[in-house]
Amino acid sequence: FVVMSVCGFLLIRRDSKQPFPLFPIDLLRIPIFRLSILTSIFSFMAQMLAMVSFPFFLQRVRDKSDVATGLLLTPWPLTTMIFAPIAGMLTGRKIQAAYLGAIGLTLFAAGLVLLATLPAHPSDMEIVWRMALCGCGFGLFQTPNNSTIIGSAPENRSGGASGMLGTARLLGQTSGAALVALMFNVFPGHSTRASLWLACGFALMGAVVSLLRVSR
């Protein structure tokens, strides 16, 4: 961590003097870009906390097979695929991405709460519609947020903006997966529920940050 901090400091100091820095400090000075990146990080942390931890609940607690577990997780990416283009069309009709992002992440958080409060012996349908709600919320958020990240950067810095979009996603995913491991160690008997509640917290934080972009 010490070496990482020193290297990070030196990189930022060096890049701050470059016209086209490797780490796009110039783009992070743009408020809407910075807030959109932060929203993306929070959302992907929440996604990975749920997607990594929930299969353990299905297999260890509910004794589901690998195939059944995969099928029960499918509604999430399926509804994301359906609602992402819908969100894109809504953004094209001049609905602010800040509002769509907040609505999507709030629905996402609601789905996570419902997953965390599943009854002791849930039916498959009780799991499926909750997963679908999570995917719906995530799909409504993702497209407008990605569009804002790319669109808020100057045209000649679109490459840097695209790189930061991928970096935010990867940072959120790796952080979320690492937090799942932490939850499994801190809450060994209730690790999945703890992970889902933490995911809900990150989703709500993302919704709040998304609203900070209004009129920016």
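Small disclaimer: the values here were computed from a predicted structure and weren't measured.
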Exercise for the section: Mind running side-chain hydrogen bond (donor to acceptor under 3.5 Å, both in side chains) on Gln59 and Asp66 for me, showing each step along the way? Expected result: CA-CA 8 Å; Gln59 293 189 320; Asp66 294 343; 2.5 Å; yes

Problem - Trp76 and Gln47: CA distance, side-chain angles, deciding distance, side chain to side chain contact (heavy atoms under 4.5 Å, CB included) verdict - result: CA-CA 10 Å; Trp76 184 322; Gln47 182 198 44; 3.8 Å; yes

Exercise for the section: Determine, stepwise, if the pair Val180 / Met48 fulfils side chain to side chain contact (heavy atoms under 4.5 Å, CB included). Expected result: CA-CA 8 Å; Val180 171; Met48 288 305 287; over 6 Å; no

Problem - Trace of the side chain to side chain contact (heavy atoms under 4.5 Å, CB included) decision for Thr39 with Leu105 - result: CA-CA 9 Å; Thr39 305; Leu105 288 174; 3.7 Å; yes

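Note: Tyr99 OH to Ile103 CD1 = 9.5 Å, rounded to the nearest 0.5 Å. In this structure, CG in Asp124 is found 14.5 Å from CH2 in Trp129, a value given to the nearest 0.5 Å. Rounding to the nearest 0.5 angstrom, the gap separating the CG atom in Leu140 from the SG atom in Cys136 is 4.5 Å. Taking SG from Cys200 and CE from Met205, the interatomic distance works out to 11.5 Å, rounded to the nearest 0.5 Å. For the atom pair Met125 CE and Arg130 CZ, the distance stands at 10.5 Å (nearest 0.5 Å). A distance of 8.5 Å separates CG in Leu27 from CD1 in Ile37, rounded to the nearest 0.5 Å.
Following chains of ILVMFWY side-chain contacts shorter than 4.5 Å, one cannot reach Leu114 starting from Leu118, and the two form parts of different hydrophobic clusters. At a threshold of 4.5 Å between side-chain heavy atoms, the hydrophobic network of Ile, Leu, Val, Met, Phe, Trp and Tyr places Phe138 and Leu49 in two separate groups. A continuous path of ILVMFWY side-chain contacts below 4.5 Å connects Leu198 to Leu38, so both sit in one hydrophobic cluster. Note on Phe44: it clusters hydrophobically with Phe54, by side-chain heavy-atom contacts below 4.5 Å among ILVMFWY residues. By the rule that hydrophobic residues join a cluster once side-chain heavy atoms approach within less than 4.5 Å of another member, Leu133 and Phe141 end up as members of separate clusters.
Side-chain atoms of Arg62 never come within 3.5 Å of backbone atoms of Thr69 as a donor-acceptor pair (strictly under, hydrogens ignored). One N or O on the side chain of Thr192 and one on the backbone of Ser53 form a donor-acceptor pair closer than 3.5 Å. Remark: side-chain polar atoms of Ser162 are not paired, donor with acceptor, to backbone N or O of Gly159 under 3.5 angstrom. Side-chain N or O atoms of Ser40 include none that pairs as donor or acceptor with a backbone N or O of Ser36 at under 3.5 Å. Side-chain N or O atoms of Arg213 include one that pairs as donor or acceptor with a backbone N or O of Ser210 at under 3.5 Å. Arg34 contributes a side-chain N or O that, together with a main-chain N or O of Leu28, makes up a donor-acceptor pair within less than 3.5 Å. Remark: side-chain polar atoms of Ser191 are not paired, donor with acceptor, to backbone N or O of Met183 under 3.5 angstrom. Checked by atom type and distance alone, the side chain of Ser175 never pairs as donor or acceptor with a backbone atom of Gly172 at under 3.5 Å. Put simply, the side chain of Thr143 gets close to the backbone of Ala84: a donor and an acceptor are under 3.5 Å apart.
The side-chain contact (heavy atoms from CB on, under 4.5 Å) test with Val128 is passed by exactly one of Leu71, Leu72, Thr74: Leu72.
Partners of Asp15 according to the side-chain hydrogen bond (donor to acceptor under 3.5 Å, both in side chains) rule, which considers only residues two or more places apart in sequence or in another chain, do not exist here.
Smallest separation of non-hydrogen atoms from Ala109 and Leu204: CB-CD2, 3.6 Å.
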